[in-house]
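Below, all heavy atoms of this structure are taken into account, side chains as well, without hydrogens, waters or symmetry copies.
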There are 2 protein chains.
Amino acid sequence: MDWRHVPSLSALRAFEAAARLTNYSAAARELNVTHAAIAQHVRRLEDHFGLSLMQRDGQTMQPTPEGQRLSRSLSTAFGQIAEISEDLIAQDTDRPLRIATTPSFAEYWLMPRIGAFWAANPEIRVEIAPSGDLVDLRADGFDLAIRYGRGAWPGLNTERLESAGHVVVAAPSVVGSNYVGCMTDLEDQHWLITGTSTEERVWLKANGLDLSKCRVTQMDVTALSLQAVRAGHGITIVPRAVAIGDIENGTLIALCEEIDSDLGYHILTRPDRVSPQLKTFIAWLRKQRETP
Amino acid sequence: MDWRHVPSLSALRAFEAAARLTNYSAAARELNVTHAAIAQHVRRLEDHFGLSLMQRDGQTMQPTPEGQRLSRSLSTAFGQIAEISEDLIAQDTDRPLRIATTPSFAEYWLMPRIGAFWAANPEIRVEIAPSGDLVDLRADGFDLAIRYGRGAWPGLNTERLESAGHVVVAAPSVVGSNYVGCMTDLEDQHWLITGTSTEERVWLKANGLDLSKCRVTQMDVTALSLQAVRAGHGITIVPRAVAIGDIENGTLIALCEEIDSDLGYHILTRPDRVSPQLKTFIAWLRKQRETP
DNA sequence: TCCATATGTAAGCTCAACTAACAGGTAAGA
DNA sequence: TCTTACCTGTTAGTTGAGCTTACATATGGA
């Protein structure tokens with residue numbers, strides 16, 4: 001693209017409006033500047049091109065023939081720019097909310113509840129993308145992310161949602177029904193854990209357990225993990241809601257539980273990019289944390 | 001034109017170059033800025049539209065599908081702007097010199113000599129526009145103006161060319177062959193003068209004669225004025241060259257002549273808008289004043 | 001003649017656009 | 001594996017393009 005002969009784009013915009021409206025004052029109003037700005041821009045363009053572009057017509061101004069040529073090209077060009085800009089803005093406005101979450105959050109916290117959100121807000125479409133990776137909201141095009149951690153994500157609005165409520169469970173036969181402690185001597189255990197247990201791994205590590213030193217068998221789904229743990233083949237870590245039945249009927253023992261941890265799920269959004277629909281979704285998330 | 005959704009035109013230009021070249025550093029070189037400027041512009045556009053426009057591809061960047069849509073529209077739009085800009089610059093470069101002069105200067109000074117200029121410079125086209133009005137070089141699209149006065153035209157380059165050499169003449173029978181003085185008692189005379197004698201009127205006024213208080217008959221052409229003056233019907237003012245024959249053969253008397261006046265013809269040009277061709281023309285004008 | 005509108009222009013202000021500087025990533029070649 | 005050359009990301013600071021303010025002058029309708 002040869003920009004050598006192109007003057008200031010701001011000046012060209014000012015001129016286009018002046019030529020189209022045949023009035024510097026009207027052009028100023030359209031562009032939210034003063035008539036002085038328009039006059040100066042047009043003057044500078046005339047100097048640049050060495051041509052008269054506007055001429056007096058009583059009180060107002062008319063484009064000269066050269067001015068008309070320039071104005072026509074500019075109107076077409078700027079019209080295209082305005083159109084594509086509007087299209088992209090509309091595309092951003094009309095698309096569903098894109099939510100990135102940790103896998104477990106999606107599976108155990110959000111999906112079980114999302115039906116209620118959809119019932120209450122049928123006009124708000126939500127796309128949920130479970131991902132263990134730390135996504136870049138802006139670059140990856142997300143409106144909101146649910147992340148597990150301590151909440152210090154720079155450049156983002158961060159609001160703690162709630163604790164994850166993880167619980168480490170095993171069959172009584174594995175550690176004895178009188179096991180006392182938390183995370184004590186569990187490194188020698190056989191961990192049966194899914195590959196998507198991203199935030200569980202974070203919690204274990206934060207509590208001193210180095211899974212890389214443990215025998216780990218990666219399971220495909222949590223249900224299989226639990227089945228194997230019930231059979232006494234090892235231990236696992238899951239959200240409390242998943243194991244509460246087995247704990248209460250004595251099939252499994254809760255060896256350690258996430259209580260009063262500074263780790264937890266957080267709502268992440270980009271500053272100044274919170275649409276009304278997103279605000280509705282966030283309010284609903286807040287309401288949900290009060291529900292057992 | 002709806003500018004509400006249009007972001008910074010500078011940012012759009014930066015993005016267009018980045019998308020087309022798939023490289024922020026190359027875009028920076030094309031636009032003569034640093035890669036940091038390009039990166040900031042693209043970031044701001046992504047914030048504005050709420051969409052990702054560029055994504056990493058190893059070391060370089062690729063436009064996303066939305067980025068490709070925007071980039072295509074921008075390339076077309078900016079291409080049009082670049083093209084019309086180049087056309088107008090070329091038009092200014094390729095057109096003939098446009099010279100505004102006072103009417104008498106054109107008729108008696110310039111036109112008699114212009115043939116010599118054209119013979120010497122066949123490649124330089126010159127358009128001459130006689131005008132009694134004070135033209136605006138910029139607004140009216142002139143490269144040079146010849147104006148009669150004292151030379152103080154603000155905002156313009158001014159160079160004195162030479163005296164106009166006006167002479168007031170009458171038949172001996174009108175004022176007696178022994179008339180002594182200059183502009184003395186001439187207000188009672190019957191002035192036969194063309195409408196285009198702009199600079200003559202300026203000189204008369206500067207020498208104390210108020211034509212509005214005189215009996216003035218406007219003639220269509222100077223030749224007719226001279227004929228009537230020869231017949232003793234009144235007096236007139238013309239360039240010396242026109243009347244020199246009648247003065248020398250005694251048909252007319254020179255009542256007053258413009259000598260050592262601060263009034264004179266001046267060459268006016270706009271600062272920083274003197275093309276090589278215009279310089280050639282000005283040099284030729286200078287040379288001509290040395291020619292009787 | 002008065003009033004409401006227009007444009008012209010110079011002086012001064014300000015923030016968008018940019019640079020400088022540093023950091024970190026990618027990829028190719030030794 | 002290390003080195004080199006290129007790329008982008010980002011922050012802090014600079015600056016002049018773009019604008020406003022204020023005043024002047026012109027036009028046209030009532």
If only side-chain N and O atoms of B/T34 are considered, is one of them under 4.0 Å from the OP1 or OP2 phosphate oxygen of C/dC18? no
Electrostatic pair A/R147:A/E199 at N-O distance under 4.0 angstrom: no
Derivation and outcome, salt bridge (Lys or Arg N to Asp or Glu O under 4.0 Å), residues B/E86 and A/R4: CA-CA 8 Å; B/E86 193 161 349; A/R4 276 179 299 157; 5.1 Å; no
Judged by modelled atom types alone, do A/E200 and A/S104 share a side-chain donor-acceptor pair under 3.5 Å? yes
Base, sugar-phosphate, or nothing for A/N32, non-hydrogen atoms under 4.0 angstrom? sugar-phosphate
Distance check: side-chain N/O of A/R44 vs OP1/OP2 of D/dG18, anything under 4.0 Å? yes
N/O to N/O distances under 3.5 Å, protein versus nucleotides 9-12 of chain D:
unit_1 : atom_1 : unit_2 : atom_2 : d
D/dG9  : N7     : B/H35  : NE2    : 3.1
D/dG9  : O6     : B/H35  : NE2    : 3.0
D/dT10 : OP1    : B/R43  : NH2    : 3.4
D/dT10 : OP2    : B/R43  : NH1    : 3.4
D/dT10 : OP2    : B/R43  : NH2    : 2.0
D/dT11 : O4     : B/Q40  : NE2    : 3.0

Identify all side-chain donor-acceptor contacts of residues 71-78 of chain A below 3.5 Å with residues at least two apart in sequence or on another chain.
unit_1 : atom_1 : unit_2 : atom_2 : d
A/S75  : OG     : A/E16  : OE2    : 2.6
A/S75  : OG     : A/S71  : O      : 3.0
A/T76  : OG1    : A/R72  : O      : 3.1

Between B/N23 (CG) and D/dT8 (C1'), how many Å, whole number? 10 Å
What is the distance, rounded to the nearest whole Å, between atom CG of B/D57 and atom P of C/dG25? 18 Å
Give me the residues of residues 66-73 of chain A where at least one heavy atom lies under 4.0 Å from an atom of DNA chain D, by number, or none. none
Can you find a pair of side-chain heavy atoms, one from B/I38 and one from B/F15, that are under 4.5 Å apart? no
Report the residues that fulfil side chain to side chain donor-acceptor pair (under 3.5 Å) with B/S212, sequence neighbours left out, ordered by chain and then residue number. B/D210
Test side-chain hydrogen bond (donor to acceptor under 3.5 Å, both in side chains) applied to B/Q91 and A/R69, step by step: CA-CA 12 Å; B/Q91 178 177 323; A/R69 281 184 65 203; 2.7 Å; yes
Rounding to a whole Å, what distance do you find between A/Q55:CD and D/dT27:C1'? 17 Å
Walk me through it: do A/E30 and A/R20 pass the test side chain to side chain contact (heavy atoms under 4.5 Å, CB included)? CA-CA 11 Å; A/E30 171 165 306; A/R20 175 166 38 86; 2.6 Å; yes
Overall bend of the helix from C/dT1-D/dA30 to C/dA30-D/dT1 (five pairs an end, 10° steps) is 30°
Whole-Å distance separating the CZ atom of B/R29 from the C1' atom of C/dT19: 17 Å
Could you list by number each residue of residues 5-21 of chain B showing a heavy-atom separation from DNA chain D of less than 4.0 Å, or answer none if no residue does? none
Side chain to side chain contact (heavy atoms under 4.5 Å, CB included) for A/L31 and A/R13? Distances and angles first, verdict last. CA-CA 9 Å; A/L31 298 179; A/R13 172 170 57 189; 4.0 Å; yes
5'-most by nearest nucleotide on DNA chain D - A/I38 or B/T22: B/T22
I need the CG-P distance between B/L45 and C/dA17, as an integer number of Å. 10 Å
Protein-nucleotide distance (A/H41, atom NE2; C/dG8, atom P), rounded to Å: 14 Å
Pair B/L51, B/L45 - check side chain to side chain contact (heavy atoms under 4.5 Å, CB included), show working. CA-CA 8 Å; B/L51 299 167; B/L45 286 179; over 6 Å; no
Looking only at atom types and distance, does a side-chain atom of B/R160 sit under 3.5 Å from a main-chain N or O of B/L263, one as donor and one as acceptor? yes
Short side-chain N/O contact to C/dT26 OP1/OP2 from B/T60, under 4.0 Å: no
Among A/E127, A/Q277, A/R95, which residue satisfies the side-chain contact (heavy atoms from CB on, under 4.5 Å) criterion with A/D143? A/R95
Report, as yes or no, whether the 6.0 Å neighbourhood of atom CZ on A/R215 holds more than 12 heavy atoms from other residues, nucleotides or ligands. no
Check for me whether the distance between the ring centres of B/H166 and B/Y148 falls short of 6.0 Å. yes
A/Q59 atom CD is separated from C/dA6 atom P, nearest whole Å, by 7 Å
